[in-house]
Engineer: 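I am attaching a structure below and will ask some questions about it afterwards.
Just so you know, residue 1 is the first one in the sequence shown, and it goes up from there.
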Amino acid sequence: MNERELLESGLAALALDFSPQSVDNLLRFSELLLEKNKVMNLTAVTDPREVVTRHFLDCAAVIPYMDLRQGRTVLDVGTGAGFPGLPLAVLCPQCEFVLLDAQRKRVDFLKKVIAALGLTNCTAVHARAEDFAGEHRASFDAAVSRAVAELRVLCELALPMVKTGGAFFAMKAADCQDEVDAAANARAVLGAPRAEVFRYAVPVDGVARAVVRLEKTADCPPQYPRRFKKIETQPL
Ligand code: SAM
């Protein structure tokens, strides 16, 4: 199977409603990613088929667990080269996405990708999450994050920006239960005490993954998030 066939079969296995245009856009993103990756560290993946399986399908596999109805706003915390936010924005044109990262070069790359694909539901922002939270408290219906930090740290970066009634989705390895347990205090303090862990296999290569869904049931106390050094050295 070529990349297009792999991608289409994986998206079909997830029962996602995708258009030919969204497949074209993802394959164009893959080209731009691999081209830029020659001169800038964006991803460890160099094979276009692995971009499809390890990035696009891995990210798309979280969609069935999220509430992505028309007009929902979603923040990707620590998006890096655009994961999971960019594939989600391509596959879910009905929602608005903000892709946030602390590294300017990655954000500059993403701005060029967004322009090249003509995406109108997606913005890339250069900022640290703990700083961005100052003006974006309780502003998003959902937050999502992959491969950024351990869960108790991630909770403090993401949950303050999620609306009460919304949810944070942390993409993790399948064996994440210890991490979820270690975040019990952070979850309780930050307004999302209950953790639901959904385990699944990514289509095509069958990798076992999990998404931790944290529904925000109470407001975050105003002192959070703290400065990053404190978050990291004295996690909740
Ligand atoms: N989420 C992407 C993925 O799954 O491929 C990127 C993962 S990369 C290992 C971690 C990214 O998180 C980096 O691009 C880094 O700049 C970003 N990051 C780490 N801490 C952050 C913070 N406090 N605010 C914003 N971005 C952060």
Side-chain angles (χ1 to χ4, degrees), residues 1-38 40 42-77 79-101 106-125 140-147 169 171 198 200-209 211:
M1 274 202 262
N2 64 26
E3 292 102 79
R4 179 176 293 273
E5 289 163 341
L6 269 185
L7 181 56
E8 287 177 346
S9 75
L11 295 175
L14 290 166
L16 297 179
D17 185 17
F18 60 94
S19 64
Q21 168 82 42
S22 58
V23 171
D24 289 346
N25 273 344
L26 288 174
L27 294 175
R28 179 78 186 118
F29 174 35
S30 176
E31 284 171 6
L32 295 169
L33 177 70
L34 293 178
E35 185 59 34
K36 192 70 178 175
N37 204 38
K38 291 178 188 161
M40 201 180 133
L42 288 170
T43 173
V45 172
T46 54
D47 174 357
R49 292 165 57 93
E50 285 196 10
V51 174
V52 170
T53 53
R54 289 175 56 183
H55 286 319
F56 296 161
L57 295 179
D58 187 69
C59 294
V62 81
I63 292 174
Y65 300 97
M66 297 179 73
D67 175 1
L68 293 168
R69 278 174 288 165
Q70 179 74 37
R72 297 276 151 154
T73 53
V74 183
L75 175 68
D76 180 5
V77 178
T79 191
F83 302 112
L86 205 290
L88 294 188
V90 170
L91 292 167
C92 306
Q94 74 280 11
C95 297
E96 297 286 330
F97 292 83
V98 173
L99 315 186
L100 185 68
D101 202 276
R106 290 179 168 182
V107 171
D108 288 346
F109 163 71
L110 283 175
K111 285 183 175 169
K112 287 191 180 129
V113 172
I114 290 166
L117 303 188
L119 298 181
T120 54
N121 66 329
C122 185
T123 314
V125 176
F140 294 90
D141 296 303
V144 64
S145 191
R146 184 184 84 163
F169 298 84
M171 297 171 66
F198 301 101
Y200 51 88
V202 177
V204 179
D205 65 7
V207 171
R209 298 278 281 151
V211 60

Engineer: Please confirm whether the backbone N or O of F140 pairs with a side-chain atom of T73, one donor and one acceptor, at under 3.5 Å?
Structural biologist: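 Between the backbone of F140 and the side chain of T73 there is no qualifying donor-acceptor contact (under 3.5 Å).
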
Engineer: Do S30 and V52 pass the side chain to side chain contact (heavy atoms under 4.5 Å, CB included) test, and can you show the C-alpha distance, the side-chain angles, and the key distance before you say yes or no?
Structural biologist: CA-CA 8 Å; S30 176; V52 170; 5.7 Å; no

Engineer: Measuring from atom CG of D205 to atom CG of L6, what distance do you get when rounded to the nearest 0.5 angstrom?
Structural biologist: 9.0 Å

Engineer: When rounded to the nearest 0.5 angstrom, what is the spacing between CG in L57 and CG in L11?
Structural biologist: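 Taking CG in L57 and CG in L11, the distance rounds to 5.5 Å.
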
Engineer: Answer yes or no: is there a side-chain heavy-atom contact under 4.5 Å between V107 and K111?
Structural biologist: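 V107 vs K111: side chains touch.
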
Engineer: Search all heavy atoms of V45 against all heavy atoms of D47 and return the closest pair with its distance.
Structural biologist: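 What the structure gives for the nearest pair is CG1-O, 3.6 Å.
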
Engineer: Just so I know, are the side chains of L88 and M66 near enough to count as touching, which here means a heavy-atom distance under 4.5 Å?
Structural biologist: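 Side chain of L88 against side chain of M66, heavy atoms only: contact under 4.5 Å found.
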
Engineer: If the plane angle is over 60° it's perpendicular, under 30° parallel, otherwise tilted; pick one for F83 and F56.
Structural biologist: tilted

Engineer: Would you check if V74 and V144 make a side-chain contact, meaning some heavy-atom pair closer than 4.5 Å?
Structural biologist: yes

Engineer: Measure the spacing between NZ of K36 and CZ of F109 and express it to the nearest 0.5 Å.
Structural biologist: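 One finds 8.0 Å between NZ of K36 and CZ of F109.
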
Engineer: Evaluate the criterion side chain to side chain contact (heavy atoms under 4.5 Å, CB included) for residue pair L86 and L99; output intermediate values, then yes/no.
Structural biologist: CA-CA 8 Å; L86 205 290; L99 315 186; 3.9 Å; yes

Engineer: Testing the basics here: between S19 and S22, what is the closest heavy-atom pair and its distance to 0.1 Å?
Structural biologist: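 Taking S19 first and S22 second, the nearest heavy atoms are O-OG, 2.7 Å.
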
Engineer: If every non-hydrogen atom of R69 is compared with every non-hydrogen atom of Q94, which pair is closest and at what distance?
Structural biologist: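 It is C-CG, 4.1 Å.
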
Engineer: Once rounded to the nearest 0.5 Å, what's the spacing between atom CG of L16 and atom CD1 of I63?
Structural biologist: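 Atom-to-atom, L16:CG and I63:CD1 are 5.0 Å apart.
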
Engineer: Do you know which two heavy atoms are closest between A81 and F29, and how far apart they sit?
Structural biologist: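 Closest pair (atom of A81, atom of F29, distance): O-CZ, 3.2 Å.
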
Engineer: Of E31, E50, R49, which meets side chain to side chain contact (heavy atoms under 4.5 Å, CB included) against E3?
Structural biologist: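 Looking at E31, E50, R49, the match for E3 under the side chain to side chain contact (heavy atoms under 4.5 Å, CB included) is R49.
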
Engineer: Step by step, would you call T79 with L100 a side chain to side chain contact (heavy atoms under 4.5 Å, CB included)?
Structural biologist: CA-CA 6 Å; T79 191; L100 185 68; 5.8 Å; no

Engineer: Ignoring hydrogens, what is the shortest heavy-atom contact between R146 and H55? Give both atom names and the distance.
Structural biologist: NH2-ND1, 2.8 Å

Engineer: If you define the side chain from C-beta out and look only at heavy atoms, does anything of Q21 sit under 4.5 Å from V90?
Structural biologist: no

Engineer: Under 3.5 Å, which donor-acceptor pairs do the side chains of residues 113-124 form with other protein atoms, sequence neighbours left out?
Structural biologist:
| from | atom 1 | to | atom 2 | distance (Å) |
| --- | --- | --- | --- | --- |
| N121 | ND2 | A89 | O | 3.0 |
| N121 | ND2 | C92 | O | 3.3 |
| N121 | ND2 | C95 | O | 3.1 |

Engineer: Output the distance between atom CD (E35) and atom CG (L33), rounded to the nearest 0.5 Å.
Structural biologist: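 Going from CD on E35 over to CG on L33, the span is 10.5 Å.
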
Engineer: I'd like to check the side chain to side chain donor-acceptor pair (under 3.5 Å) partners of E8; sequence neighbours left out, ordered by chain and number.
Structural biologist: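 By the side chain to side chain donor-acceptor pair (under 3.5 Å) rule, E8 matches no residue at all.
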
Engineer: Check whether any side-chain heavy atom of L27 sits under 4.5 Å from a side-chain heavy atom of L7, and report yes or no.
Structural biologist: yes

Engineer: How far apart are the C-alpha atoms of L26 and L91, what are their side-chain angles, what is the distance that settles it, and do they pass the side chain to side chain contact (heavy atoms under 4.5 Å, CB included) test?
Structural biologist: CA-CA 9 Å; L26 288 174; L91 292 167; 4.2 Å; yes

Engineer: To the nearest 0.5 angstrom, please state how far the OG1 atom of T46 sits from the CG atom of L34.
Structural biologist: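 Taking OG1 in T46 and CG in L34, the distance rounds to 7.5 Å.
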
Engineer: What are the two closest non-hydrogen atoms of D58 and M171, and how far apart are they?
Structural biologist: O-CE, 3.5 Å

